[in-house]
Amino acid sequence: MQTVLVEPATRTDVDRMIGALPHAPAAQHHIRARWDIQQSGEGVYLVARRDGEIVGQTVLLRHSKYAEVRADADPAEINALHAYVQRQGIGTAIIRTAEEIAAHEWNRPAIGLGVGLDNDPARIRYERLGYEPWSGPRVIDHWTEQDADGTVVRTHSDPCDYLLKYL
């Protein structure tokens, strides 16, 4: 299996990803939003590369976006993890890099993530990597879809289980 390199996105990466999605304004918006998070210092937009090609991505937030989780455990948070190809170690490489940044660069006590109620394969993968259900209630992931000019076209409110790993 080829090595996966995970590192912060560059402006060139962002431009390429947006350019590859000319008919997907919602996806373009999410890429721009992740870049903005990195530029603000609130997190880091991680991309996974294999043979120079981007094969996955996530944004690692310095603090959970869920107030109830922040109040209890104050973890760094993996958000919107996406490995473009499954079962090739891409997601695991992204998670391990996020854990390293959270623990060693940011000195965070824990790292967490929300998992959709219908995403059992992801839940199983995270549990194998040492993530456990948070003791608090389910969280509600609020997010929006936007068109190319930024107009909100749909708002989502998805219940999620929150998984946590102490570092």
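All residue numbers in this chain count up from 1 along the given sequence. It should be emphasised that the depicted structure is a prediction, and the values quoted were computed from it without experimental measurement.
R108 is not listed as a side-chain neighbour of Y166, based on a closest heavy-atom distance of 4.5 Å or more. Within the 4.5 Å cutoff, no side-chain heavy atoms of E42 are placed close to those of R62. Side-chain contact between L46 and E7: absent, with no pair of heavy atoms (C-beta onward) separated by less than 4.5 Å. Using a 4.5 Å heavy-atom cutoff, the side chains of V47 and P8 are not in contact. Using a 4.5 Å heavy-atom threshold, the side chains of W134 and L163 count as separate. Considering only heavy atoms from C-beta on, V115 stays 4.5 Å or farther from C160 through its side chain. Counting heavy atoms from C-beta outward, V6 and R96 have side chains that stay 4.5 Å or more apart. At a threshold of 4.5 Å between non-hydrogen side-chain atoms, the residues Y126 and T92 do not count as touching.
Atoms CZ and CD, from R34 and Q39 in turn, are 15.0 Å apart once rounded to the nearest 0.5 Å. Summarising the geometry, atom NE2 belonging to H104 is positioned 9.0 Å from atom CG belonging to N107; distances are rounded to the nearest 0.5 Å. Between the CG atom of L5 and the CG atom of D51 there is a distance of 11.0 Å, given to the nearest 0.5 Å.
Scanning both residues, L113 and I78, for their nearest heavy atoms gives CB-O, 3.5 Å. Here the shortest heavy-atom pairing between I94 and Q57 reads CD1-N, 3.6 Å. In plain terms, the two heavy atoms of P75 and G112 that are nearest each other are CB-N, 3.9 Å. In this structure, L60 and A98 approach most closely via the heavy-atom pair CD2-O, 3.5 Å. Summarising the geometry of A48 relative to I90, their closest heavy-atom pair is CB-CG2, 4.0 Å, with the distance given to 0.1 Å.
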Test log, rule side chain to side chain donor-acceptor pair (under 3.5 Å), inputs D15 and T12: CA-CA 5 Å; D15 291 343; T12 301; 5.7 Å; no
(request) Kindly indicate, with the supporting measurements, whether the criterion side chain to side chain contact (heavy atoms under 4.5 Å, CB included) is fulfilled by Q88 and R50. (result) CA-CA 11 Å; Q88 292 189 12; R50 186 172 55 205; 2.5 Å; yes
Are H82 and T58 close enough, and set up right, to give a side chain to side chain contact (heavy atoms under 4.5 Å, CB included), and what steps lead you there?
CA-CA 6 Å; H82 182 61; T58 195; over 6 Å; no
Show your reasoning for whether side chain to side chain contact (heavy atoms under 4.5 Å, CB included) applies to D74 and H63. CA-CA 6 Å; D74 196 23; H63 302 277; 3.1 Å; yes
Result block: side-chain N/O donor-acceptor pairs under 3.5 angstrom for residues 19-27, not counting sequence neighbours:
none

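Between the side chain of Q86 and the backbone N or O of A83 there is at least one donor-acceptor pair closer than 3.5 Å. R138 places no side-chain N or O within donor-acceptor distance of the main-chain N or O of Y162, the cut-off being under 3.5 Å. Here the side chain of E77 pairs a donor or acceptor atom with the backbone of K65 at under 3.5 angstrom. With hydrogens and angles disregarded, no donor-acceptor distance shorter than 3.5 Å links the side chain of D36 to the backbone of A33. With Q38 contributing its side chain and Y45 its backbone, the two residues share a donor-acceptor pair below 3.5 Å. A distance-only check finds no donor-acceptor pair linking the side chain of R49 to the backbone of V4 [under 3.5 Å]. Checking side-chain atoms of S64 against main-chain N and O of V69 turns up no donor-acceptor pair under 3.5 Å. For the pair K165 (side chain) and L129 (backbone), a donor-acceptor distance under 3.5 Å is present. In terms of modelled atom types and a separation under 3.5 Å, the side chain of R123 and the main chain of D118 share no donor-acceptor contact.
The number of heavy-atom neighbours closer than 6.0 Å to CZ of R154, taken from other residues, nucleotides and ligands shown, is 12 or below.
There is a path of hydrophobic side-chain contacts, each under 4.5 Å, that joins V85 to L81.
Through side-chain heavy atoms spaced under 4.5 Å, either directly or across other Ile, Leu, Val, Met, Phe, Trp or Tyr residues, L61 is tied to I37, V59.
D141 and H156 are not linked by any side-chain donor-acceptor pair at a separation below 3.5 angstrom, with hydrogens and angles left out of the test.
Partner W106 forms a side-chain contact (heavy atoms from CB on, under 4.5 Å) with one of I111, I101, L167 and no other, that one being I101.
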